[in-house]
2 protein chains.
Amino acid sequence: MAADAIEPLGITTAEEEAYRHIQRALRMGRYRAGDRLIPEEIATEIGMSRMPVREAFRQLAAEGLVVIRPNRGCIVAGLTLDEIYETFEIRSVLEGLAVRLAMPHIDVEVLEELERQLDRMERASQTGSSDWVVRHQAFHLQICQLSNRPKLVRQIASLHVVIEPYLRIWFDYVDKPASARAEHEILIEVLRSGDAGKAEIVMRDHIVETAPLLANFASPGRR
Amino acid sequence: MAADAIEPLGITTAEEEAYRHIQRALRMGRYRAGDRLIPEEIATEIGMSRMPVREAFRQLAAEGLVVIRPNRGCIVAGLTLDEIYETFEIRSVLEGLAVRLAMPHIDVEVLEELERQLDRMERASQTGSSDWVVRHQAFHLQICQLSNRPKLVRQIASLHVVIEPYLRIWFDYVDKPASARAEHEILIEVLRSGDAGKAEIVMRDHIVETAPLLANFASPGRR
DNA sequence: GACTGGATAAGTGGATACACAGATACGCTT
DNA sequence: AAGCGTATCTGTGTATCCACTTATCCAGTC
């Protein structure tokens, strides 16, 4: 159960292709917030009819990536500054919970694996924002997975997808891989300490402190 | 924006009707977990074609109320015991966050309104489980709304819907309106104190303590 | 010259029809 | 007699079609 946290629930081949195609485009920042997504356009692009695309829209709307207004089409969802803060607030308590619950499953091998993840993250930071964002997400989700709470991990993963474009933009403007590494080292540190309550607090702080940083570079478009 | 927290995002008349119809049936416990939802059946029942029903399924799947397996239809989602606990864990941190953020907006009128809500809840407990569950949800959401965080409130509301059938069953077996009132009085108490940090902790405890109670009565069917 | 009203065009939402996948039951073979 | 394979049927998934809503543009009026 819950094989991959980011996977949508029930989807068939054609619809899945549409979903993946659009989600990738959105995550890569190909569209800007407020852009209209025209079903026919995307349908012909992938080589199918409008219908699977419509269903994909619905899936994406449920995840908060697009907004469907009745009879007025599908537009790319943008987060206001307040919504970015809100998303980070939610992330902070959810990932805080996850790390607290993960603590019993932390052992030496896990810590070593997380260190390797950080190495990969640092190396990726040189190749570009895309790679770094992916590695950064992988690091956070790796910890969350250890909580052994599928629904929790799924919700967290969903939030990561929503803020991904903003993280990307932030990274493109100010690249600070050095301090990013240090901040995540702190997380491994507290995991090593074995104090679940402390780990929760550290994770919370780690996340909410990130929000103001990229708030300055907010909005790849306006809603 | 964000007029009603429980409202799905982009939905048209026909689809909305299908959505409401199915959700109400699910919340009332009309179906049991694992039951198949046949699009054609529901469509004719409301007097429309299968399509809006399918879109409604997708919406419900995103909320975790049903599960859609490719080419194998839509079945009512059931929560395992672990998943019930997990849902309450998630609720506890989210509503904890909400009450912490709500604190600055607490004043005398709000407290009085919450007291009235408790009165209504107690009165409803005599008329039946349905009324009590609705009032109980309203009380919790009332507090959450004060946080002024639309996305947070939406997520919490969604979790309430998922656990609603289980709360209903629990209430039908052991009705304990008296202690329920006392437990919620504590919440108003801490809101009156003005201590945001303490309120968060109290809310968390209040919620996680509920989980084991209704775990004994878990599962209106098996997935 | 600007604003409002109507008409036309474009595009979304819904229904119906069709193709394909999965489940079940029956028959054949071992 | 039991197990496997096949055939049929039910039901999902996709496409095309139609109706209705909305947006845009132009003309008329103030």
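Everything quoted here is computed from the prediction, not taken from an experiment.
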Would B:Arg27 and B:Glu164 pass as an ion pair if we require N to O under 4.0 Å?
yes
Polar side chain donor-acceptor pair, B:His184 to B:Gln117, under 3.5 angstrom:
no
Using a cut-off of under 3.5 Å, enumerate the N/O to N/O pairs linking the protein to nucleotides 17-23 of chain D.
unit_1 : atom_1 : unit_2  : atom_2 : d
D:dA23 : OP1    : A:Arg72 : NE     : 2.5
D:dA23 : OP1    : A:Arg72 : NH2    : 3.3

Mind calculating the distance between CD1 (A:Ile46) and P (D:dA15) to the nearest angstrom?
11 Å
Whether B:Glu55 and B:Arg58 form a salt bridge (side-chain N of Lys/Arg under 4.0 Å from carboxylate O of Asp/Glu) is what I want to check.
no
Starting at atom CZ of A:Arg54, determine the distance to atom C1' of D:dG13, rounded to an integer number of angstrom.
13 Å
Out of D:dG13, D:dA15, C:dA15, minimum distance to the side chain of B:Met48 belongs to C:dA15
Taking all atoms of both residues into account, what is the closest heavy-atom pair of B:Glu89 and A:Leu97, and its distance?
O-CD2, 3.6 Å
Of the nucleotides D:dT16, C:dT12, D:dT12, which one has an atom closest to the side chain of A:Ser49?
D:dT16
Starting at CD1 of B:Ile42 and ending at C1' of C:dA15, how long is that distance when rounded to a whole Å?
18 Å
Take atom CD1 of B:Ile68 and atom P of D:dT14, then tell me their distance rounded to the nearest Å.
12 Å
Under 3.5 Å side-chain donor-acceptor pair for A:His160 and A:Gln155
no
Whole-Å distance separating the CE atom of A:Met51 from the C1' atom of C:dG11:
14 Å
Do we see a donor-acceptor contact under 3.5 Å between the side chains of B:Glu45 and B:His21?
yes
Would you mind reading off the distance between A:Glu15 atom CD and D:dA15 atom P, rounded to a whole angstrom?
11 Å
Would you mind reading off the distance between A:Glu55 atom CD and D:dT14 atom C1', rounded to a whole angstrom?
10 Å
